[in-house]
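One structure is given below, encoded as structure tokens.
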2 protein chains.
Amino acid sequence: MAYAERMLDTAGGQQAADLPDALVFGLKDGMSTTAHSHAPHSVVFYEGDNATRFYEVDEGIVMLFKLLPDGRRQVVEILNPGTIFGVSAGDLYDCSAETLTRTSLRAFDRREVERSLPLQRHLTRCLLTQMETLHDHAVLLGRKSAIERVSSFLMRLVPQRGGIGCMGPDKESASDSLDVVLTMTRQEIADYLGLTIETVSRVISDLKRRGLVTVERQDRIRINRICGICQLSGIH
Amino acid sequence: MAYAERMLDTAGGQQAADLPDALVFGLKDGMSTTAHSHAPHSVVFYEGDNATRFYEVDEGIVMLFKLLPDGRRQVVEILNPGTIFGVSAGDLYDCSAETLTRTSLRAFDRREVERSLPLQRHLTRCLLTQMETLHDHAVLLGRKSAIERVSSFLMRLVPQRGGIGCMGPDKESASDSLDVVLTMTRQEIADYLGLTIETVSRVISDLKRRGLVTVERQDRIRINRICGICQLSGIH
DNA sequence: CGAGAACTTGAAAATTGTCAATAATGGTGG
DNA sequence: CCACCATTATTGACAATTTTCAAGTTCTCG
């Protein structure tokens, strides 16, 4: 489906039409959970839907986004396995959820939060981590340049790097390069970084020209100098 | 203290020097809490400090912000009374906290979260609300124009407006105007909205020129046509 | 009342977005 | 397995927005 068409679909706010194959997962610690398997780019729920259930990412990646009435989209979170999402403060979901890859989810009834103390704790830990990610993302969206945004995005995909213990570009222990899989289209990256698709493309071309990355496939980038990218990310 | 000086102070990352007058508040539901009174523009904690305690806003307004190494600042949250802040996923605070007005806070030992179930629930509700606000703010920072950002900011200060039940500009029941107190300098507003101080100033002047607002004092704005501002906020 | 801080305004520069055309990618059917 | 073609991505030229730099002006508070 073309981007524009999906856009219209999403803006409509109807319930997810392509409901996944769902099967009762049974009981786990006294909770009834349901396992859902989703194809890539399938909608879990729409902003405005009744928030009757919440989910935990089991495998795959899920993206949360919001739309403005004129179609502008902002991806607000990208969720890895282990993350809980779809818990709403009110009765409705505040954003839409769509899978990026083939994904398996665990669904819970929203009342389960009240009942289970371990779940409550897990939820709290999860929310706190998400909150810190959102803070970082606010810095990115509010204060970083295009090249800093794209570099930060790439660093996100490098495990154990870019954090506090990241020591400059000198101390190259073994290899300073890595292949990363984007799992997102340029449009999705742009909507996540608050840029246009053209700007994202231009920045990647620029990094390519400088020899910092090699684009092996559209959704597969080899970072040749991780520390070089890290330095461009604005955190140094 | 001048902005630049505060900036340097903050970047330094030392413990808050101007500790407020603190007095033991006694026990409340078996929890030991401490009441803190803070002057306007005093620091509660710095990013990177040990997150030994967390807080609840009792009265006043608190701002959370992060700094990039070169001094760029992003205000990530503005907290009203009732909000819990300073609960960290790790051992350190992920952002700095500074009061905007004279503020009274309740401080808790971080271990209290584990112990008290009511507190845990309150925390969850609070985090969910903050999360939705952060999502909205990501949309603002990533996708809205300067005038939309400033208008959104002003609408934040109008109680019960700008939400879902906000019906266009026609249905003017009684009064479509309101005085709002900013409690933030232009610099703080700019750092919250991801703009420069000059852009914020220019947008406000533009709204003034169009008759939508009247600046009564630097920190006091009369919104003459609430619905007009609402329509500029990008949510219609 | 005065002085520093905060705010406003203007002109020019920089960055990013828009529009339009071209290129490449990768999935599908023959 | 290959060729085709819709989709996705890249690139260029230009426009729009926002930032930067540099004065001024206006507050505010001691």
Side-chain angles (χ1 to χ4, degrees), chain A residues 1-7 39-41 68 70-74 100 102 140-151 153 181-209 213-221 232 234, chain B residues 1-7 39-41 68 70-74 100 140-151 181-209 213-221 232 234:
Chain A
M1 192 187 281
Y3 176 68
E5 287 175 283
R6 269 190 275 137
M7 207 83 285
H41 295 288
L68 289 173
D70 62 3
R72 281 175 286 178
R73 180 173 74 160
Q74 179 63 46
L100 287 176
R102 174 155 285 286
L140 181 146
L141 294 173
R143 288 298 176 216
K144 290 191 181 177
S145 68
I147 194 167
E148 289 173 330
R149 294 183 200 201
V150 173
S151 299
F153 175 73
V181 180
L182 301 187
T183 73
M184 295 169 81
T185 65
R186 296 287 186 277
Q187 184 65 64
E188 285 158 351
I189 296 170
D191 287 347
Y192 180 55
L193 300 180
L195 300 169
T196 59
I197 193 173
E198 293 94 339
T199 300
V200 171
S201 188
R202 270 186 256 270
V203 170
I204 291 175
S205 296
D206 186 31
L207 296 177
K208 215 162 37 178
R209 228 170 288 123
V213 304
T214 309
V215 178
E216 309 191 332
R217 265 177 39 193
Q218 289 186 344
D219 64 340
R220 196 169 210 94
I221 288 184
L232 288 173
Chain B
M1 191 186 281
Y3 175 68
E5 287 176 284
R6 267 190 277 138
M7 209 82 285
H41 295 288
L68 289 173
D70 62 3
R72 281 176 287 178
R73 181 173 74 161
Q74 179 63 46
L100 288 176
L140 180 146
L141 294 173
R143 289 298 176 216
K144 290 190 183 179
S145 68
I147 195 168
E148 288 172 329
R149 295 184 199 201
V150 172
S151 300
V181 180
L182 302 187
T183 73
M184 296 169 82
T185 65
R186 295 289 186 275
Q187 184 65 61
E188 285 158 351
I189 295 170
D191 288 348
Y192 180 55
L193 300 180
L195 300 169
T196 59
I197 193 174
E198 294 94 336
T199 301
V200 171
S201 187
R202 270 185 256 272
V203 169
I204 292 175
S205 296
D206 185 32
L207 295 176
K208 213 162 40 177
R209 228 170 288 123
V213 305
T214 309
V215 178
E216 308 191 331
R217 264 177 37 193
Q218 289 187 343
D219 64 340
R220 196 169 210 94
I221 289 185
L232 288 173

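All values below come from the heavy atoms of this structure, side chains included, with hydrogens, waters and symmetry mates left out. Chain letters run A, B, ... following the sequence lines, proteins first and then strands; every chain starts at 1.
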Item to check | B/S/- contact track for nucleotides 16-30 of chain D, protein heavy atom under 4.0 Å | outcome: --SBBB-----SS--
Checklist outcome for this item: Whole-Å distance, Leu182(B) CG to dA6(C) P, equals 15 Å
Item to check | Spacing of Arg220(A) atom CZ relative to dT25(C) atom P, expressed in whole Å | outcome: 15 Å
Checklist entry - Rounded to the nearest Å, what distance is computed from the NZ atom of residue Lys208(A) to the P atom of nucleotide dA23(C)? => result 15 Å
Checklist entry - Between atom CG of Asp219(A) and atom CD1 of Ile189(A), what is the distance when rounded to the nearest 0.5 Å? => result 9.0 Å
Next on the checklist: Holding to side-chain hydrogen bond (donor to acceptor under 3.5 Å, both in side chains), I want the full list of residues that pass it with Thr183(A), two or more places apart in sequence or in another chain.
Outcome noted: none
Next on the checklist: List the residues meeting side-chain hydrogen bond (donor to acceptor under 3.5 Å, both in side chains) with Arg102(A), not counting sequence neighbours, and say none if there are none.
Outcome noted: Ser37(A)
Checklist entry - Do Asp191(B) and Arg143(A) come close enough that some side-chain heavy atom pair is under 4.5 Å? => result yes
Next on the checklist: Rounded to whole Å, how long is the line connecting atom CG of Leu193(A) with atom P of dT16(C)?
Outcome noted: 12 Å
Item to check | Contact check, side chains of Leu141(B) and Arg149(B), non-hydrogen atoms, under 4.5 Å | outcome: yes
Donor-acceptor pairs are to be reported for all side-chain atoms of residues 200-209 of chain A against protein atoms at under 3.5 Å, with residues two or more places apart or in another chain.
| from | atom 1 | to | atom 2 | distance (Å) |
| --- | --- | --- | --- | --- |
| Ser205(A) | OG | Ser201(A) | O | 3.1 |
| Asp206(A) | OD2 | Arg210(A) | NH2 | 3.4 |

Item to check | Rounded distance in Å - CD (Glu148(A)) to P (dT15(C)) | outcome: 11 Å
Checklist entry - Roughly, in whole Å, what's the span from CE in Met184(B) to C1' in dC7(C)? => result 16 Å
Next on the checklist: Taking the minimum atom-to-atom distance to the side chain of Arg186(B), which one of dC7(C), dT10(D), dT9(C) wins?
Outcome noted: dC7(C)
Item to check | For atom CG of Asp206(B) and atom C1' of dG10(C), their distance in whole Å | outcome: 15 Å
Checklist outcome for this item: Contacts of Arg186(B) meeting salt bridge (charged side-chain N to carboxylate O under 4.0 Å, His left out) (sequence neighbours excluded), chain-then-number -> none
Checklist entry - Within the structure shown, what part of the strands sits under 4.0 Å from Ser201(B) by heavy-atom distance: base, sugar-phosphate, or nothing? => result base
Checklist entry - Looking at side-chain heavy atoms only, is the closest gap between Leu182(A) and Phe153(A) below 4.5 Å? => result yes
Checklist outcome for this item: Computed from five pairs at either end and rounded to 10 degrees, the angle between the axes of the helix from dC1(C)-dG30(D) to dG30(C)-dC1(D) is 50°
Checklist outcome for this item: One should read off an interatomic distance between Glu188(B) CD and His41(B) NE2, to the nearest 0.5 angstrom, of 4.5 Å
